[in-house]
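Written below as structure tokens is the structure these notes are about.
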Amino acid sequence: MKIVISGASGLIGTQLVAKLSQSGHEVIRLVRRSPKAGEIQWNPKSGTLDAAALESADAVIHLSGAGIGDKRWTTGYRKEILDSRTDTTALLARTIASLSRKPSVFLSGSAIGIYGARNDEQLTEVSTHGTGFLAEVCEQWEAAAKPAVDAGVRTVYLRTGIVLSPKGGALKKLLPLFKLGVGGKFGNGKQWQSWISIDDEIGAIEYLLTANVSGAVNLTAPNPVTNAEFTKVLASVLKRPAIVPVPTFAPKILLGGELADALLFTGQRVIPAALNASGYVFKHTTLESALRSLLSK
């Protein structure tokens, strides 16, 4: 397949490009700078993208967006988080819809933040949406893909959970603390963490290129854990103690209350019902197996 990818330089995108190329696909990256071989230039802010360059694409995978936890949620950065998702998605969806030869599938990024903070409630793709900034962002993010849906293109919303990789994201930030033996649960540790290994994140995306699946798909492992269990398992795999809990006030001072709550002290108990029903076989169904595999590489 000829596959166009945005966000190809990110944690997920980098490894996805490598995997798809290894599988024999032709991968074309969307970039904002002057393009090189195997790249297409676009400018989401000005709404420019050469539609002709997408005419021969069999699939489009959209992964770009400003990092949720990269900065404090000022008014300006909230707008950047939202616009970096909705503007890019809308531009791609409109362009796809305008093509005479449309791709067979549009895999568009989203996140489990759409469910909001839900305590112990078990959530699947048919669960109601939540409230709060991240839920609102995700709703608008998915809604921006509507032109592709209306044009008859199979569209999948990749509702990604906590992607585990020692190369980036939450796990990379936690490892130094836990290796020193000063890691611990956040707050009371009762908040749910719906994780997925980078191997399954990449595997599921590749699978969805051809699977008979559309609409929302939770990219999470089948067995979410509480934060207390997550820290216990991580410490065990690293053969370190996990006895120093992180009080709520410290991250809230550093990050701001709403951002700290969204990333650290609340969560969602998400089940990948659509992937399970479609027949996807997870490489890592338990947190311990995922961490042992990831940290042995």
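Position 1 is the first residue of the sequence, and the numbers go up from there. Below, all heavy atoms of this structure are taken into account, side chains as well, without hydrogens, waters or symmetry copies.
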Under 3.5 Å, side chain of T226 to main-chain N/O of W192, donor-acceptor pair present? no
Is it true that a side-chain atom of S21 and a backbone atom of A18 form a donor plus acceptor pair closer than 3.5 Å? no
Quick one: does L54's side chain get under 4.5 Å of L49's, heavy atoms only? yes
Would a hydrophobic clustering, with Ile, Leu, Val, Met, Phe, Trp and Tyr connected at side-chain separations under 4.5 Å, put V137 with I114? no
Enter the distance from I112:CD1 to Q193:CD here, rounded to the nearest 0.5 Å. 9.5 Å
Quick one: closest heavy-atom pair of I205 and L107, and the distance? O-CD1, 3.5 Å
Counting distance only, does the side-chain N/O of S6 pair as donor-acceptor with the main-chain N or O of L63 below 3.5 Å? yes
Verdict with supporting geometry, K79 and T74, side-chain contact (heavy atoms from CB on, under 4.5 Å): CA-CA 9 Å; K79 186 176 187 303; T74 62; over 6 Å; no
Any donor and acceptor pair, going by atom type alone, linking the side chain of Q268 with main-chain N or O of G116 inside 3.5 Å? yes
Test item: T88 side-chain N/O and R85 main-chain N/O as donor-acceptor pair under 3.5 Å: yes
Under the 3.5 angstrom rule, does the side chain of S98 hit a backbone N or O of T95 as a donor-acceptor pair? yes
When you look at CG of N212, are more than 12 heavy atoms from neighbouring residues, nucleotides or ligands closer to it than 6.0 Å? no
Is there a side-chain contact between L175 and L295, using heavy atoms and a 4.5 Å cut-off? yes
Of the non-hydrogen atoms in F106 and A145, which two are nearest, and what is the gap between them? CE2-CB, 3.9 Å
Could you report the tightest heavy-atom contact between G184 and F178, atom names first, then the distance? N-CZ, 3.5 Å
Side-chain donor/acceptor of N218 to backbone N/O of T220, under 3.5 Å: no
Within one Ile-Leu-Val-Met-Phe-Trp-Tyr cluster: V31 and L16, side-chain cutoff 4.5 Å: no
Any side-chain donor-acceptor pair under 3.5 Å between S108 and H62? no
What I'd like to find out is whether the side chain of L123 reaches to under 4.5 Å of the side chain of R269, using heavy atoms alone. no
Step-by-step ring-ring contact (aromatic ring centres under 6.0 Å, His included) determination, W195 to F230: CA-CA 10 Å; W195 59 274; F230 185 99; 8.1 Å; no
Examine distances only and state if a side-chain atom of N223 and a backbone atom of T285 form a donor-acceptor pair shorter than 3.5 Å. yes
side-chain contact (heavy atoms from CB on, under 4.5 Å) partners for D199, two or more places apart: S197, K283, H284, S293, L294, K297
Any side-chain heavy atom of L219 within less than 4.5 Å of one from L208? yes
May I ask whether I28 and V17 are part of the same hydrophobic cluster, defined by side-chain heavy atoms of I, L, V, M, F, W, Y residues being less than 4.5 angstrom apart, directly or through others? no
Sort and list the pairs that fulfil side-chain hydrogen bond (donor to acceptor under 3.5 Å, both in side chains) and have at least one residue in residues 147-159, not counting sequence neighbours. Y115-R159, H129-R159, E142-R159, K146-D150
To the nearest 0.5 Å, what is the distance between CD1 (I196) and CD1 (I162)? 11.5 Å
Given side chains that start at C-beta, do those of I61 and L20 come closer than 4.5 Å, heavy atoms only? yes
Is there a side-chain contact between T286 and V233 in this structure, where contact means two heavy atoms from C-beta onward sitting under 4.5 Å apart? no
Stepwise side-chain contact (heavy atoms from CB on, under 4.5 Å) test for V153 and V60: CA-CA 10 Å; V153 176; V60 176; over 6 Å; no
W42, W141: one ILVMFWY side-chain cluster at the under-4.5 Å cut-off? no
Is L164 reachable from V225 through a run of I, L, V, M, F, W or Y residues, each pair having side-chain heavy atoms under 4.5 Å apart? yes
To the nearest 0.5 Å, what is the distance between CD on E80 and CG on D87? 11.0 Å
Please list, chain by chain and in numerical order, all residues satisfying side-chain contact (heavy atoms from CB on, under 4.5 Å) with S23, sequence neighbours excluded. K19, H25, E206
Indicate yes or no: at least one non-hydrogen side-chain atom of I81 is less than 4.5 angstrom from one of F133. yes
List for me each residue that meets side-chain contact (heavy atoms from CB on, under 4.5 Å) alongside Q41, sequence neighbours excluded, and say none if there are none. P35
Minimum heavy-atom separation for V4 to A57, with atom names? CG2-CB, 3.8 Å
Euclidean distance, K185 NZ relative to K190 NZ, rounded to 0.5 Å: 8.5 Å
If we ignore hydrogens and angles and just use 3.5 Å, is the side chain of E201 paired with the main-chain N or O of V163 as donor and acceptor? no
Would E229 and L287 satisfy side-chain contact (heavy atoms from CB on, under 4.5 Å), going step by step from the backbone distance to the final call? CA-CA 9 Å; E229 184 177 354; L287 180 63; 5.6 Å; no
Once you round to the nearest 0.5 Å, how far does OG of S9 lie from CG of L30? 11.0 Å
Provide the closest heavy-atom pair for Y77 versus I68 in the form atom of the first, atom of the second, distance. CE2-O, 4.4 Å
S194 (side chain) donor-acceptor with P224 (main chain) under 3.5 angstrom: no
Not counting sequence neighbours, which residues clear side-chain contact (heavy atoms from CB on, under 4.5 Å) with L180? List them please. V182
R32 and K45: CA distance, side-chain angles, deciding distance, side-chain contact (heavy atoms from CB on, under 4.5 Å) verdict: CA-CA 10 Å; R32 289 171 171 81; K45 286 189 176 181; over 6 Å; no
Please report the interatomic distance CG(L209) to CE(M1), rounded to the nearest 0.5 Å. 5.0 Å
Heavy-atom check, side chain of L291 versus side chain of L171, under 4.5 Å: yes
How would you list, by chain and number, every residue that makes a salt bridge (Lys or Arg N to Asp or Glu O under 4.0 Å) with R292, sequence neighbours excluded? E288
How close do K2 and S56 get, counting heavy atoms only, and between which atoms? NZ-OG, 2.6 Å
